Number of protein chains: 2
Amino acid sequence: MTTARSPRDSLPKRAHLHQVFESYLNQLGLRQTRQRRIILDAVLASGRHVDAETIANEVKKTDSSIGLATVYRTLKMMTDSQILVERHFGGDRASFEFADQGDEHHDHLICKQCGEIVEFYDADLEKRQEEVAKNLGYKLIHHKMELFAECLGLDKCERKNSK
Amino acid sequence: MTTARSPRDSLPKRAHLHQVFESYLNQLGLRQTRQRRIILDAVLASGRHVDAETIANEVKKTDSSIGLATVYRTLKMMTDSQILVERHFGGDRASFEFADQGDEHHDHLICKQCGEIVEFYDADLEKRQEEVAKNLGYKLIHHKMELFAECLGLDKCERKNSK
DNA sequence: GTGCTTGCAAACAGTTTGCATGCGG
DNA sequence: CCGCATGCAAACTGTTTGCAAGCAC
């Protein structure tokens with residue numbers, strides 16, 4: 001029923017994102033540049049949830065001359081090109097994650113203790129949300145749902161707690 | 001099953017919030033001031049979801065000398081005193097709403113067309129969320145859920161569309 | 001009076017933008 | 001070489017904070 005999705009599950013799918021971005025650029029007459037390639041690589045190599053500054057730091061390891069503004073501009077382009085989605089969890093920093101591909105939408109469970117983010121999909125919840133919207137006289141377009149929780153078995157948590 | 005809550009439903013309950021805030025101030029040795037009273041009045045008179053700037057504008061109608069910083073400081077105190085809860089819907093501005101009283105928790109449905117915000121409570125969703133968390137090995141503490149939708153009958157919407 | 005409060009301006013964090021220069025196609 | 005891209009610094013938004021003066025108790 002409830003399906004957890006580990007950060008690794010979608011790794012194979014990321015392979016063609018280079019192509020997706022490339023053709024996006026071409027279609028708009030935009031250019032492939034060294035910095036855009038480096039930034040995309042950094043994004044692909046990173047975990048599922050990253051913020052601009054993390055990427056900027058990562059990118060600077062390869063080329064320290066790349067500016068924060070370029071990272072922001074490029075992340076926005078990737079969002080426009082449907083590679084990434086922008087999320088606002090905590091409040092301040094925006095975080096980016098890979099866009100869902102077709103049907104593979106998911107929601108998030110965030111551990112209050114260690115900050116671990118688990119992605120999941122639950123058909124019952126999805127269905128009930130549509131019903132609820134209809135009951136209220138609306139047609140559901142999409143939703144945002146985050147469950148805040150704490151570990152039952154502490155094993156998952158403790159690893160991260162120390163960091 | 002699904003219960004909608006209109007903005008008016010909780011009006012009677014707001015009456016004693018003055019007292020709540022007052023005793024909060026007393027307990028901490030803080031002072032009741034003209035500006036705090038004015039700000040609380042503005043909050044009480046406002047709709048369920050307000051941002052700092054809206055309150056600041058409202059407050060300035062009564063006393064134009066009241067600064068934005070005071071509004072922020074006071075809204076934070078009201079949040080600390082459990083009168084208000086801070087929410088982050090869109091991304092930029094924070095919005096404040098009256099805190100749930102005991103069991104009367106609710107979620108939000110936001111109309112993509114007119115921006116109307118409907119509050120609702122659905123026991124099935126709540127229950128399923130707990131199950132999902134448990135399935136993933138966590139204990140649910142609380143959640144954040146927003147349904148984005150469009151009106152089925154346009155009557156609700158059109159009124160607001162014009163504004 | 002004591003010290004919490006206030007308004008103002010300055011500081012802040014995250015993000016965006018203007019501009020002269022650089023570089024891809 | 002045309003014109004998009006870049007880096008830098010400055011602008012901007014929402015919010016917070018330092019400070020001297022003001023007011024509640």
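Each chain gets a letter, A, B and so on, in the order its sequence line appears, and its residues count up from 1. These numbers come from a predicted model, not from an experiment.
- Looking at the side chain of A:Glu53, the nearest of the listed nucleotides C:dG14, C:dT6, D:dT17 is C:dG14.
- In this structure, A:Thr33 does not reach the C:dC23 phosphate: none of its side-chain N or O atoms is under 4.0 Å from OP1 or OP2.
- Phosphate contact (OP1/OP2 of D:dA5, side-chain N/O of A:Arg31, threshold under 4.0 Å): absent.
- Checking the phosphate oxygens (OP1, OP2) of D:dT6, a side-chain nitrogen or oxygen of A:Arg36 falls inside 4.0 Å.
- Residues A:Thr54 and A:Asp51 have side chains that bring a donor and an acceptor to within less than 3.5 angstrom of each other.
- Atom CG of B:Leu25 is separated from atom C1' of D:dC23 by 15 Å (rounded to the nearest Å).
- Atom P of nucleotide C:dC8 and atom CD1 of B:Ile66 are separated by 11 Å, given to the nearest angstrom.
- Counting to the nearest Å, the P atom of C:dC4 and the CG atom of B:Asn26 are 15 Å from each other.
- Separating the CE atom in A:Met145 from the CD atom in B:Gln129 is a distance of 5.5 Å, to the nearest 0.5 Å.
- Atom CZ of A:Arg93 and atom C1' of C:dA13 are 8 Å apart (whole Å).
- Salt bridge annotation for A:Lys60-A:Glu53: absent, with no cationic side-chain nitrogen under 4.0 angstrom from a carboxylate oxygen.
- Set against D:dT6, C:dT15, D:dT16, the side chain of B:Lys76 has D:dT16 as its closest nucleotide.
- Counting non-hydrogen atoms under 4.0 angstrom, A:Leu68 reaches a base of the nucleic acid.
- Atom CG of A:Leu28 is separated from atom P of D:dG3 by 17 Å (rounded to the nearest Å).
- In the model, B:His108 has a side-chain atom that pairs as donor or acceptor with a side-chain atom of B:Glu97 under 3.5 Å.
- In terms of position on DNA chain D, the residue among B:Gln32 and B:Ser95 whose nearest nucleotide sits closer to the 5' end is B:Ser95.
- The CG atom of B:Leu75 sits 13 Å away from the C1' atom of D:dT16 (whole-angstrom rounding).
- Residue A:Thr70 places no side-chain N or O under 4.0 Å from the OP1 or OP2 atom of D:dT6.
- Residue whose closest nucleotide on DNA chain C sits further toward the 5' end, between A:Glu86 and B:Arg73: B:Arg73.
- Contact check, A:Tyr72 against C:dT15: a side-chain N or O comes under 4.0 Å of OP1 or OP2.
- Note: NE2 (A:His88) to C1' (D:dG14) measures 13 Å, nearest angstrom.
- For B:Arg34 against D:dG22, no side-chain N or O and base N or O form a donor-acceptor pair under 3.5 Å.
- Separating the CG atom of A:Asp92 from the P atom of D:dT13 is a distance of 19 Å, rounded to the nearest angstrom.
- Taking the side chain of A:Leu30 as heavy atoms from C-beta on, and the options C:dT15, D:dT15, D:dA5, the nearest nucleotide is D:dA5.
- Checked against the 6.0 Å centroid threshold, A:His142 and B:Phe148 count as a close aromatic pair.
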